[in-house]
Structures are given as C-alpha cells and as structure tokens.
There are 2 protein chains.
Amino acid sequence: MAEKFISDRNLKFLLYEMFDVEQLLKYPHFADHSREVFDMVMETAMKMGKDLFKPIFTEMDRQQPEYVNGEVKVHPQVRTIMKECGAGGWIGPSFPYDWGGQQLPMTIGMLIPTAIWAAANYSGCVYPGLTSGAAGLIGSYCDEETRNKYLPKMMAGEWQGTMALTEPQAGSSLSDITLTGTPTDQGYYKMKGQKIFISAGEHDGVDNVIHLAIGRIKGAPAGVKGISLFIIPKKRIKDDGTLEANDLNCAGIYHKLGYRGAPITQLAFGENDDCRGWLVGEANKGLGYMFQMMNGARIDVGLSAASIASAAYYASLEYAKERPQGRKINSKDPLAPQVPIIEHADVKRMLLFQKAVVEGSLSLLMQCGIYEDLEHVTEGEEHENYNLLLELLTPIAKSYPAEMGILSCSTAIQILGGYGFCDEFPVEQLYRDVRIHTLHEGTTGVQGMDLLGRKMTMKKGKAAGLYFAEVRKAIQAASADAELKPFAADLEAALGKLEKVTGYLMGIAMKGDVELFMADATLYLEFFSIIAIAWQWLIQATAAKKALATKLEEGDINFYQGKVFTCAYFFGYELPKIEGLAVRLTHSDGVTIKMQGQYFGE
Amino acid sequence: MAEKFISDRNLKFLLYEMFDVEQLLKYPHFADHSREVFDMVMETAMKMGKDLFKPIFTEMDRQQPEYVNGEVKVHPQVRTIMKECGAGGWIGPSFPYDWGGQQLPMTIGMLIPTAIWAAANYSGCVYPGLTSGAAGLIGSYCDEETRNKYLPKMMAGEWQGTMALTEPQAGSSLSDITLTGTPTDQGYYKMKGQKIFISAGEHDGVDNVIHLAIGRIKGAPAGVKGISLFIIPKKRIKDDGTLEANDLNCAGIYHKLGYRGAPITQLAFGENDDCRGWLVGEANKGLGYMFQMMNGARIDVGLSAASIASAAYYASLEYAKERPQGRKINSKDPLAPQVPIIEHADVKRMLLFQKAVVEGSLSLLMQCGIYEDLEHVTEGEEHENYNLLLELLTPIAKSYPAEMGILSCSTAIQILGGYGFCDEFPVEQLYRDVRIHTLHEGTTGVQGMDLLGRKMTMKKGKAAGLYFAEVRKAIQAASADAELKPFAADLEAALGKLEKVTGYLMGIAMKGDVELFMADATLYLEFFSIIAIAWQWLIQATAAKKALATKLEEGDINFYQGKVFTCAYFFGYELPKIEGLAVRLTHSDGVTIKMQGQYFGE
C-alpha cells in the first residue's frame with residue numbers, strides 16, 4: 001500500500017509562497033496566531049492523517065456500516081476519530097473564541113486538515129467535518145442559550161452534526177421540500193417528514209446526532225420562500241442535561257459504490273407525532289442560512305475530491321517508479337533491461353495530468369480559502385469584493401475537482417494496469433470514493449446553473465469584473481518571466497474567449513430565451529473552470545520561477561521544476577480543451593431542447 | 001431494476017439498413033443462410049440475454065468467485081450458460097462446417113450475441129466468448145487430429161478456453177514473456193512458468209480448461225521473435241479420452257473493482273515438472289497467431305464496453321422518464337407540478353451523450369464486423385483492402401468504446417443522482433464493470449502506439465488512404481441531404497485536420513525522433529476516434545433521413561428522428577473536441593519527455 005497520500009510541502013507552498021496566508025496575521029481577529037501556529041496545525045494534521053485516518057482506510061471500506069433495528073453500527077474507530085478531533089480542537093477550529101473556537105483562519109483550521117484527512121481516508125474525515133458545518137450554523141444564527149446547549153458537546157466530538165436537506169420527492173429541487181414544523185406554544189415545532197441521503201445521520205460512534213434540517217413551518221409560502229431551518233436532535237436534551245428520544249428514526253442506510261465508511265441514512269421524523277424541532281433564526285429564511293453552510297460544504301467537497309485524487313496520484317507515482325516494464329521506445333534491443341514505466345512519455349503524461357488536476361485544484365481551493373478569510377476580516381467594499389470573488393468561484397472550486405478527480409483517479413488505475421483494477425492496491429477504492437463528489441452538495445449541473453444563471457449576472461456582473469482583474473494581475477506578473485510569457489499570452493487569449501462566449505450567451509438571455517441561455521450551462525462551467533485552473537497554474541509557475549532564481553537544495557529544485565513543467569503541461573494539454581468548448585458555446589442550436597423524450601427509445 | 005439493456009431495433013438498423021449484411025449471402029461461404037436465419041439468431045440471442053444472462057447480473061457481482069484449495073468456485077449458473085451456449089451452437093458459430101461450426105458471418109454469429117449478452121451481464125458472457133476465441137486458434141492453426149481432440153468438447157461448452165498472455169514481469173511488454181517449453185521426444189513440451197490476469201483460467205463450471213498460451217521454446221531468440229503458441233490443458237486427455245492432471249495450478253484469484261462474476265486467475269505451470277504443452281503451428285510464430293485471436297478479442301472488448309454502456313443508457317433513460325423533479329427553467333410557479341427530469345435540457349444532453357457513444361460505437365463495431373466478413377470471403381486486392389481497413393480501425397473500435405464507455409456509465413450515474421451511487425440501481429455496477437476495458441487486451445496507450453506507429457504507416461499508408469476514401473464516400477452521400485450537408489462539410493473539415501495533424505507527426509518521424517513522434521499517440525488515437533465516430537453518425541443519419549422520407553409508423557419516426565438528433569448532437573458537442581486536440585497534436589514540445597521522474601515528488 002502506498003505510503004504517501006498528500007504533499008505537505010505543496011500545501012506550504014500554496015499557503016506561504018503563493019497566497020501569503022501570513023497577511024492575515026495583521027488583522028486583530030487573527031492576531032494571536034503566527035506562522036509557528038500554522039505550521040503546528042499542519043504538522044499535527046499530517047500526523048493524525050498518518051496515524052489515525054490512514055490505517056483504517058481499507059478497513060472502513062470493507063467493513064461497511066450495518067443497519068440493525070433502526071441503529072447504525074460503524075467502524076469502532078469512528079468514536080476515536082470524533083473524540084480525538086474534539087480533544088484537539090479540530091471541530092470548529094475557526095469559530096470565534098466566544099463559541100469555544102480558536103479563531104484560526106478557515107484556510108488553516110478547516111482546509112488544511114480536510115485536505116490531509118480526506119486524502120488519508122475520506123469516509124473517516126466526514127464525521128468531524130459535518131459536525132463543524134452544523135455547529136457553525138448554530139453558532140452563526142442561534143442565541144447564546146442554544147449555542148451553550150449544543151456547541152460544547154458537538155465541538156467535543158460527543159455529538160454528531162448533520163446537514164439534512166434532501167427529501168425523496170425533491171432531490172435537487174429544494175423548493176419542493178415538505179418536512180413540516182407545526183408551531184406549539186412550548187417554543188418548539190412538531191416535526192413531520194422524511195429526509196434521505198443524510199451523511200452520518202445516525203451511528204453509534206457518538207451519543208447524539210444534531211440535525212440542521214430545512215423544512216417548512218405549517219402554512220408557509222410555497223417554494224424556496226417558505227423554507228425554514230430547524231435544529232432537530234436525535235435525542236432531545238432535558239433540563240437536567242439527560243437525553244430522551246425525539247421520535248426520529250433511521251429507516252435504513254444505502255449500500256454504495258464508494259464512500260462506504262460513512263453511513264448515508266434515510267430518516268423519518270415524527271412518525272409518532274413527538275419529534276421536536278427548534279427554529280434557527282427567522283421563519284422562512286432557512287435557505288439563506290443553509291447556504292452559508294452549503295457554500296463551505298461545496299468547498300469541502302471540491303477539496304475532498306482533490307485530496308482523494310492526490311492519494312491516487314501518489315499511489316500511481318510510487319507504482320510508476322517501481323514497476324519495470326518495456327524499454328524506451330527508441331531502444332530496439334530486447335535483451336536490454338526493462339525500465340521503470342515512469343520513463344515512458346505516455347506514463348509521464350498521465351502523471352502530469354493527475355498532478356495538474358490535483359495541485360491545480362488545491363491551489364484554487366486555497367485561493368478560495370484566502371478570499372473567505374479576507375472577507376471575514378475586512379469591511380465595506382473590500383469585504384464585498386472578497387465575498388463576490390468567493391461566490392463566483394465556489395461552483396468551480398466544487399465541480400472542477402469533483403469532475404476531474406474522477407478522471408484523475410481513473411488515470412491512476414490506468415497507470416497500474418490490471419493491478420489498478422484489483423483491490424490489493426488502493427486506487428480502485430479511491431476511484432469509487434471520489435465518484436460521490438459530482439453528486440452531493442449540488443450536482444455539477446446545479447453548479448453550472450449557479451455559475452451562469454446567478455453568479456455571472458449578480459450585481460450587474462461585478463463578480464466577473466473582479467475575477468477578470470485578478471486573472472490579469474497574474475498575467476501581468478507572469479509576463480515578466482521570459483519562459484512564462486507565452487503562457488501569460490495564452491491565458492489572456494483564453495480570457496478573451498471567455499468574454500466572447502459570455503457575451504454571446506448573455507445576448508441570448510437578453511432576448512428572453514432562458515432555456516436556450518442555460519442549456520449548455522454545464523459546459524460553460526467546464527470552459528470557465530479550465531481557464532480558472534490555468535490561472536492558478538500560472539501563479540504557481542510564477543512563484544516557482546521566483547524561487548528557482550535563488551539558491552536552493554536539490555529537493556527544492558525538483559519541487560519547483562515540477563511546478564514549472566506541470567504548468568507547461570496544463571497550458572499544452574488542458575487549456576486547449578477550451579477551443580472545442582468555445583465552438584460549442586457560441587453555436588447554441590437548441591438541439592438538447594428540441595430533442596424529444598420519445599426519440600431516445602423505449 | 002431497468003428492463004431494457006440493448007435495442008434489437010437498433011442492431012437491425014445497423015445490420016440491414018446501414019451495412020447491408022445481406023450482401024454477404026451472395027458469397028458461397030454464406031450461401032446457406034438468409035435474412036430469416038439472421039433474424040432468428042438475433043431473436044434467440046435476445047431471449048437468452050433476457051432469460052439466461054440478465055437474471056443473474058447482480059448475483060454474479062455479489063457472489064464473487066471463491067478460491068478454495070487451488071480450485072475456483074463460480075456461480076452455479078455458469079455451467080448452465082456454458083451448456084446452453086454449447087447446445088445452441090453459440091461457441092464458434094462462425095467456424096466452417098468442417099470444424100463443426102455453422103459458417104455464420106462474424107457480424108451475426110459473434111458480434112450480435114456478444115453485444116446482447118455483454119449488455120445483459122458482461123461477466124456471464126465471457127465464458128463462452130473466450131472459449132470461442134481459443135477454439136478459433138486451434139481451428140486455424142492445428143491439424144485435424146488436434147481439432148478433433150479439443151473442438152467438440154469446447155464447442156459443446158464442456159471445456160473452457162482461455163487466452164493466456166500476461167506474465168507478472170512482462171505486462172504489456174510481450175517481448176519479455178518467459179513461460180518456457182522444453183522439447184521432449186514425445187511430441188509435447190514440458191512447460192514451466194507463470195501467467196497472471198487469466199480470465200476464467202480455472203473454474204468449476206466446466207470439466208476442463210484449455211489454455212492457448214504464449215511462451216518460448218527453450219533457447220528461442222529473445223524478444224517477440226522467439227514467441228511460440230502452445231495448447232496447455234488443465235487436464236490432459238489420455239488416449240482413452242479420460243482426463244488426468246497436467247501439473248497446472250491456479251495459485252489464486254484477484255478481487256476486483258468490477259467484472260466480478262468471472263474469476264481472473266494466476267496460474268503456475270509445471271511446478272512439479274510435469275506440465276505438458278503442445279506447439280500450435282510453427283515455432284517462434286506464436287505472436288502472429290495470437291494476434292489473430294487478439295484482434296477479434298479487441299473488437300469484443302470494444303463491443304462489450306459499448307454494450308455495458310448501453311445497459312447504463314437504458315437504465316438512466318428509464319429513470320429520467322419516471323423521476324419527477326423540478327420544473328422547466330422558464331417556469332417560475334413553485335406550485336406547478338414537477339416534470340420528469342427528461343424534460344430538462346441538461347438531462348437530455350447527458351442522455352444524448354450516452355446515446356451518441358453507445359450507438360456510435362456499436363455502429364463502428366458492426367462496420368468492422370462487415371469488413372472482417374468481407375475480408376473472409378473476398379480475394380486478392382479486395383481481400384487485402386478489407387483487411388487493411390479492419391487493421392486500421394481495430395485500435396479505435398477497441399479503445400473509443402472502452403474510454404467513452406467509462407464516461408458514458410458515469411453519466412448514467414449522474415442522471416440518477418444520489419441513487420446512481422447506490423447499489424439498488426444497476427448503474428454503479430455497470431460503472432465498475434466497464435472500467436476493465438481500457439486495460440485488458442492492450443491498454444489504451446498500447447492502442448495509440450498501434451494506430452500511430454504501425455497502422456498509419458503500414459504498406460506506405462495504404463490503410464489510411466482506403467479509410468479516407470470510405471469516409472469521403474459517406475460525406476458525398478450525406479451532402480445530397482440539405483439537413484445533413486453542414487455535417488458533411490464539418491466532417492470534411494475534420495478529415496482535413498486529420499491529414500494536417502498526421503502530416504505534422506510524420507514529419508517528426510521522418511526526422512528520426514521516434515520518442516517525440518509517439519509521445520502523444522494516445523491523444524492522436526482520441527482525435528482519430530472522434531472523427532471515426534462522426535463518420536459513423538453521418539452514415540446513420542443518412543440512412544435515417546432516407547427512411548424518414550418514406551411512410552412510417554410513429555415508432556419508426558421516433559427511432560429515425562432519434563438518429564438524426566443524435567447525429568446533430570455528435571457534430572455539435574463531440575466533434576468540436578478535435579479542435580483542442582489538433583492544437584495539442586501540432587505543438588509537440590516534448591514536455592512529457594523532458595519531465596523528469598524526480599520532479600513529480602517523492
């Protein structure tokens with residue numbers, strides 16, 4: 001089994017050399033921290049990745065959660081994971097001091113451990129991650145009494161938190177949510193309804209599960225305008241602190257392709273009319289609240305996908321270095337010794353593809369983390385600008401790693417050949433695990449509609465304008481380097497294509513044909529994403545070239561050369577994919593609209 | 001569980017309306033047959049697909065083969081499958097009468113049942129399929145005595161046949177094969193060595209296993225020039241017809257991502273110096289013989305991938321028609337009823353993608369089948385031309401369905417959303433099963449090298465010339481139709497790009513830089529393949545338009561309209577992908593050659 005699953009050297013490069021995370025230290029909110037603290041967070045997260053998460057990567061897949069009489073039995077180490085994460089302050093590390101948090105930047109406190117642990121064992125890392133997300137909603141929108149009721153236990157890893165959105169009849173269509181809360185005069189609502197696909201919605205690794213669920217107050221308006229957010233605990237907390245059942249039953253779990261170490265549950269609320277929920281914030285504003293968590297969850301999904309792809313990359317890299325097979329293509333002597341397959345150009349191409357996807361994605365995700373942290377500590381227009389950049393890039397940061405992570409893990413299998421298909425190597429599991437990420441927290445299709453239909457047009461296109469300025473800043477910086485100048489020019493040309501395509505589509509929107517405007521939104525997302533990752537690769541190569549101009553150890557030279565070559569790979573092999581997409585996106589003929597259901601066959 | 005897994009209507013369209021399989025009847029070799037016979041073959045194959053293969057699709061995945069004390073226990077229905085296939089004449093149906101075959105065209109006798117059964121249950125269909133392949137080699141290169149010894153039992157489904165190539169140290173590098181045969185004066189060779197990844201190499205669904213294995217006669221030249229082909233039975237046949245052990249042990253089986261219903265075995269030959277093998281044909285000519293089978297096997301692999309993707313397509317189509325979710329994008333009323341997801345343009349785009357891949361692939365595969373059948377019954381230059389076309393298109397017919405089948409099954413999952421990830425629907429298994437096909441019988445990388453390095457240059461490019469003429473014939477035919485004329489023009493432009501790219505790469509080859517010439521062979525294969533599938537779609541649309549000009553029933557109108565729309569989809573969405581590939585393929589900068597192993601990281 002491959003040892004390495006992620007490069008902390010690369011994470012440090014992103015944090016310190018590219019995005020200067022230390023710039024955050026000048027803000028009072030983060031003033032207690034230092035580079036040393038950040039390094040320690042990473043070091044401890046790496047140690048936990050290796051010692052706590054990685055050792056049970058295979059086992060959690062093979063010993064899937066079991067559903068027995070309404071209860072879900074998970075791997076016994078889940079309880080240890082939750083406890084250690086609680087004890088170490090890893091649940092809600094970015095929360096303010098007064099919620100019991102450590103006020104770490106999101107980039108450091110959330111993204112770094114998620115990146116590392118998801119690479120080590122994705123199923124294992126969702127338990128604390130989901131709890132952080134749910135606790136964050138309680139922190140943000142509940143009063144002190146409620147915070148005190150839930151946060152200490154959640155942050156200690158004793159209680160699980162969940163995000164409960166999906167219902168059988170609604171799926172991606174949140175306006176059709178029907179979980180209903182009937183008001184009582186006791187301050188709580190009587191809840192009735194069902195949720196499906198709720199990750200970690202019930203298990204024996206914790207003592208209670210706190211669901212943050214969207215639903216409707218009885219009589220609320222139809223559609224998304226009538227959605228409220230509720231806290232619904234599996235067991236409600238009595239005044240003396242003891243727990244009692246809350247008429248919330250787990251009706252079953254799903255058996256899945258991958259991500260098997262975490263139970264995905266079906267939940268039934270109030271089958272006996274005794275399920276209590278508590279409103280979070282104001283009535284009918286639940287979707288907005290949920291989207292605070294959802295945006296973070298989307299970044300987490302992208303990050304997890306990139307991390308799983310990272311583990312597959314290192315597994316295939318190790319194999320490629322060790323596996324002798326064949327000879328160089330220009331060698332004709334069958335008696336010459338075989339060479340390790342990493343010497344074949346096609347294998348290097350496949351490794352470069354993976355490296356480009358993994359490190360390009362991680363770079364964009366850290367970029368988003370920095371925007372989020374800066375949004376948090378700035379005010380006025382600066383605050384709004386960071387928010388807009390983050391909003392614009394979230395669908396890309398979610399979907400590019402998710403979509404390309406699938407291909408990247410598939411490429412890892414390809415490098416291992418027949419062995420890649422066998423379960424004695426980890427890549428087949430990684431390939432199964434990574435497949436979830438284009439589905440949960442908004443499918444790729446939903447992300448495409450979000451980008452084209454909402455983010456590109458919000459505030460009259462202000463976000464897009466800010467984004468273009470960011471990219472052009474990187475182009476300008478790279479243009480000063482002779483080797484990178486051609487890539488800078490390619491990226492400028494790509495931006496031109498992006499402007500042209502966007503203008504073309506907006507023209508259709510102006511004419512009022514919404515269906516045609518949105519028909520290829522998924523492809524627009526792909527087109528936009530490739531350019532965004534090219535932007536990140538140009539920044540990486542610029543930082544690497546800067547470092548290469550100094551005196552370095554051999555290991556560092558290799559590291560930075562790898563960045564420069566992978567940038568060249570991306571511009572040579574990946575960026576050209578926008579050519580075909582641009583052709584498609586400027587020829588909206590409505591074929592997918594005009595195609596009729598009955599033409600597909602019986 | 002979805003009922004439909006393949007469309008026999010579509011197979012008939014390909015056979016009769018596109019490729020005029022009845023043209024074969026005029027040749028003496030096929031003169032005993034008729035359209036009625038062909039129809040009956042298809043009808044029976046469909047019935048067996050539904051009644052014999054499909055019912056155990058899930059079961060064969062869940063109850064994997066078990067390795068117990070050197071023996072492999074498979075699903076009990078495997079014996080039934082082998083027996084029924086034997087009794088019905090489905091093993092070697094295209095063999096000549098004097099081997100006990102029925103002299104059916106390959107297209108009818110082999111491709112049709114494989115297409116149908118692989119869609120119903122891929123693991124199930126490999127047992128008879130592999131036996132056909134191995135028996136075909138014995139038929140082609142062995143004398144009557146040997147044929148009489150093996151063929152009756154194999155064709156009756158009592159004995160399994162295999163193709164045993166891969167060895168642990170060799171993998172794709174066949175020149176490093178070491179299985180050794182030491183001559184004896186008894187007419188047999190004493191065999192010693194190992195094979196891995198041998199499908200159905202040992203199981204309890206048959207009474208014997210006949211391996212067609214490549215190896216070397218002791219002292220043979222190094223490299224591929226010293227490879228011979230041997231028959232090595234698991235149990236050797238004594239003069240009285242009884243069987244005795246042949247010192248051939250199954251050392252284990254692999255646990256795999258998919259394709260779980262068939263055991264993939266490790267075999268040890270001659271651990272006790274008593275394993276006998278019999279030479280097939282002449283010494284040191286084994287690789288050429290094996291490639292007869294291999295070429296057929298590559299078509300089978302492509303066909304199986306297309307068929308698995310077909311099953312996933314119909315499963316997602318059924319779901320898309322039945323699953324209500326959301327409203328049309330231009331509807332703002334949250335109280336309006338939900339629509340089936342097939343009404344969303346993005347879902348139709350995903351279905352069109354699958355339909356384009358599945359039916360485009362099947363079309364190319366049937367085209368290859370017709371070339372093969374025509375090659376078989378023609379002579380002289382005509383014979384050579386069909387052979388060259390088949391040789392040229394084999395790497396494409398193998399790899400396009402394999403690579404795109406993965407994406408197509410992944411798209412089926414995407415349509416089902418979270419349900420697609422769960423094992424109560426068949427698509428997650430199909431996604432696992434289809435992943436094998438870019439690996440076995442030559443990886444995609446091997447196919448790329450075959451196409452660019454061998455097929456495009458053989459006979460001074462004659463195959464390529466013939467192929468261009470075939471495509472231009474289709475362009476000319478389509479140009480007569482006003483609706484198809486723009487697609488015909490697009491395909492002509494694509495051919496121009498193919499010529500340009502090929503010329504550019506040949507220029508590099510002429511300069512002697514073989515490594516640079518071949519560095520992007522995999523991408524060249526992809527580029528070439530997209531154009532080949534566009535060609536097939538143009539032929540399909542031309543045939544459909546011709547039919548639409550006649551008086552038709554509603555079902556037929558839908559069928560042909562589906563063809564025309566899918567052609568439009570392919571030209572609108574898939575063909576433009578060549579733009580980026582053409583850019584890449586005409587800018588060989590050697591980045592994948594210059595990249596060094598140590599730059600990838602530890």
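Below, read A as the first sequence line, B as the second, and so on, with proteins coming before strands; counting in each chain starts at 1. Everything numeric here is computed off the predicted structure, so don't read it as measured data.
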Salt-bridge criterion met for B:Arg260 and A:Asp423 (N-O under 4.0 Å): no
Using heavy-atom distances under 4.5 Å, tell me whether B:His440 contacts chain A through its side chain, its backbone, both, or neither. neither
How close do A:Gly223 and B:Pro334 get, heavy atom to heavy atom, and via which atoms? CA-CB, 3.5 Å
What orientation do A:Tyr254 and B:Tyr419 show, parallel under 30°, tilted 30 to 60°, or perpendicular over 60°? perpendicular
N/O donor-acceptor pair under 3.5 Å between A:Arg584 side chain and B:Lys577 backbone: no
Per-residue contact mode, A:Ile436 against chain B (heavy atom under 4.5 angstrom): both
Okay, side chain of B:Gln338, backbone of A:Gln169: is any donor-acceptor separation there less than 3.5 Å? yes
Which atoms of A:Tyr573 come close to chain B, meaning under 4.5 Å heavy atom to heavy atom: side chain ones, backbone ones, both, or neither? both
Please look at B:Met449 and chain A and tell me whether the side chain, the backbone, both or neither of the residue comes under 4.5 angstrom of a heavy atom of that chain. side chain
Of all the heavy-atom pairs spanning A:Phe197 and B:Cys422, show the shortest one and how long it is. CE2-SG, 3.9 Å
Main-chain N/O of B:Ser410 paired with A:Arg435 side-chain donor or acceptor, under 3.5 Å: yes
Backbone of A:Thr438 reached by a side-chain donor or acceptor of B:Gln414 within 3.5 Å: yes
When B:Tyr599 is tested against each of A:Lys348, A:Lys563, A:Lys355, A:Gln561 for side-chain contact (heavy atoms from CB on, under 4.5 Å), which residue passes? A:Gln561
For a quick test of reading the model, state the closest non-hydrogen atom pair linking A:Leu352 to B:Phe600 and the distance between them. N-CE2, 3.7 Å
Tell me, side chain or backbone of A:Ile406 under 4.5 Å from chain B's heavy atoms, or both, or neither? side chain
Greatest number of heavy atom pairs closer than 4.5 Å to chain A - which of B:Asp513, B:Val564, B:Val514, B:Asp520: B:Asp520
